[in-house]
Amino acid sequence: MATEKTLNDLFIDTLKDIYFAERQIARALPKMARAAQSEELKAAFQKHKEETEGQIERLQQVFELVGKPARGKTCEAIQGIIAEGEEIIEEYKGTAAIDAGLISSAQAVEHYEIARYGTLKAWAQKLGMQEAVDLLDATLQEESATDEALTQLAEASVNDKGQKAA
């Protein structure tokens with residue numbers, strides 16, 4: 001007979017998922033920065049790489065709080081989102097639309113992360129893990145701010161530049 005799974009088990013599995021995802025994202029961001037044409041976008045990707053490293057450290061703290069080793073679990077969703085981003089880099093390299101495509105890919109990543117961190121925060125709250133709630137909320141706020149900054153950059157200049165031939 002199968003063991004009864006609990007919200008705590010689901011929390012740990014999802015924590016492993018986002019830990020794997022963050023580590024993949026940290027590897028992808030330098031490639032995205034190199035592919036970007038806009039200096040502002042390059043800087044945004046570099047800044048977010050530094051934030052991502054801090055987010056990985058926070059996740060390691062959450063693993064410590066729950067008494068589990070910090071280990072990832074393959075996240076096919078993030079692998080797919082990153083693969084789509086790599087396709088955009090290949091197909092649009094050197095074009096006026098590359099930065100718009102990169103922002104689109106980065107926002108797909110951000111939205112995935114926002115969904116995961118929001119869920120983890122709610123579950124940690126339900127499980128009475130206030131320290132984990134605080135750590136997860138700090139990351140959730142950063143992810144939301146990054147998403148907003150990318151939207152502003154797209155709307156302020158990148159989307160307009162993407163309409164023109166390079």
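For the single chain, residues carry numbers from 1 onward in sequence order. The structure displayed is predicted, hence computed values, not measured ones.
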>> For Gln130, is the CD atom crowded, meaning more than 12 foreign heavy atoms sit under 6.0 Å from it?
In response: yes

> Taking Asp9 for the side chain and Thr6 for the main chain, is one N or O donor matched with an acceptor at less than 3.5 Å?
Replying inline: yes

> What closest approach, in Å, do Asp99 and Ala36 show between heavy atoms, and which atom pair accounts for it?
Replying inline: OD1-CA, 3.3 Å

> Where do Arg58 and Glu51 land on the salt bridge (charged side-chain N to carboxylate O under 4.0 Å, His left out) test, with the steps shown first?
Replying inline: CA-CA 10 Å; Arg58 275 192 218 112; Glu51 284 180 348; over 6 Å; no

Expected list for residues 68-83: side-chain donor-acceptor pairs under 3.5 angstrom, two or more places apart:
none

> Side chains of Val62 and Met129: closer than 4.5 Å at any heavy-atom pair?
Replying inline: no

>> Within the 4.5 Å heavy-atom criterion, are Gln141 and Leu136 side-chain neighbours or not?
In response: no

> When rounded to the nearest 0.5 angstrom, what is the spacing between CD in Glu148 and CD in Gln152?
Replying inline: 4.5 Å

> Out of curiosity, Asp137 CG to Glu142 CD, how far, rounded to the nearest 0.5 Å?
Replying inline: 10.5 Å

>> Could you report the tightest heavy-atom contact between Ser105 and Ile88, atom names first, then the distance?
In response: OG-CD1, 3.3 Å

> Any idea which heavy atoms bring Leu150 and Ala106 closest together, and the distance?
Replying inline: CD1-CB, 3.7 Å

>> For Thr95, is there any backbone N or O sitting under 3.5 Å from a side-chain donor or acceptor partner on Gln37?
In response: yes

>> Nearest 0.5 Å, please: how far is CD in Gln46 from CG in Leu41?
In response: 10.0 Å

>> Working to the nearest 0.5 angstrom, can you tell me the gap between Glu131 CD and Glu64 CD?
In response: 10.5 Å

> In terms of hydrophobic clustering (I, L, V, M, F, W, Y; side-chain heavy atoms under 4.5 Å; direct or indirect links), are Val133 and Ile18 co-clustered?
Replying inline: no

> Can you check side chain to side chain contact (heavy atoms under 4.5 Å, CB included) on Ile56 and Arg23, steps first, answer last?
Replying inline: CA-CA 7 Å; Ile56 290 168; Arg23 294 179 67 198; 3.9 Å; yes

>> With a sphere of 6.0 Å drawn around CZ of Phe20, does it hold more than 12 non-hydrogen atoms of other residues, nucleotides or ligands?
In response: yes

>> Quick check: do Leu65 and Gln61 have side-chain heavy atoms less than 4.5 Å from each other?
In response: no

> Who pairs with Phe11 by ring pair (Phe, Tyr, Trp, His ring centres under 6.0 Å), at least two apart in sequence or on another chain?
Replying inline: none

> Is a side-chain donor or acceptor of Gln107 paired with a backbone partner of Asp147 at a separation under 3.5 angstrom?
Replying inline: yes

>> What's the separation between atom CG in Leu120 and atom CG in Leu135, rounded to the nearest 0.5 Å?
In response: 12.0 Å

> Does any non-hydrogen side-chain atom of Tyr92 lie less than 4.5 Å from one of Leu102?
Replying inline: no

> Can you find a heavy atom in the side chain of Met32 that is under 4.5 Å from one in the side chain of Glu86?
Replying inline: no

> Nearest heavy-atom pair of Lys93 and Ile98: which atoms, and what distance?
Replying inline: N-CD1, 4.0 Å

> Lys31 and Ile89: which non-hydrogen atoms are nearest, and at how many Å?
Replying inline: O-CD1, 4.2 Å

> Atom CZ in Phe63, atom NZ in Lys16: separation rounded to 0.5 Å?
Replying inline: 7.0 Å

>> Between Tyr117 and Thr14, is there a side-chain heavy-atom distance shorter than 4.5 Å?
In response: no

> Who pairs with Glu53 by salt bridge (Lys or Arg N to Asp or Glu O under 4.0 Å), at least two apart in sequence or on another chain?
Replying inline: Lys49

>> Set out, in order, the CA-CA distance, both residues' side-chain angles and the distance that settles side-chain hydrogen bond (donor to acceptor under 3.5 Å, both in side chains) for Glu143 and His48, then state yes or no.
In response: CA-CA 9 Å; Glu143 301 294 10; His48 197 55; 3.3 Å; yes

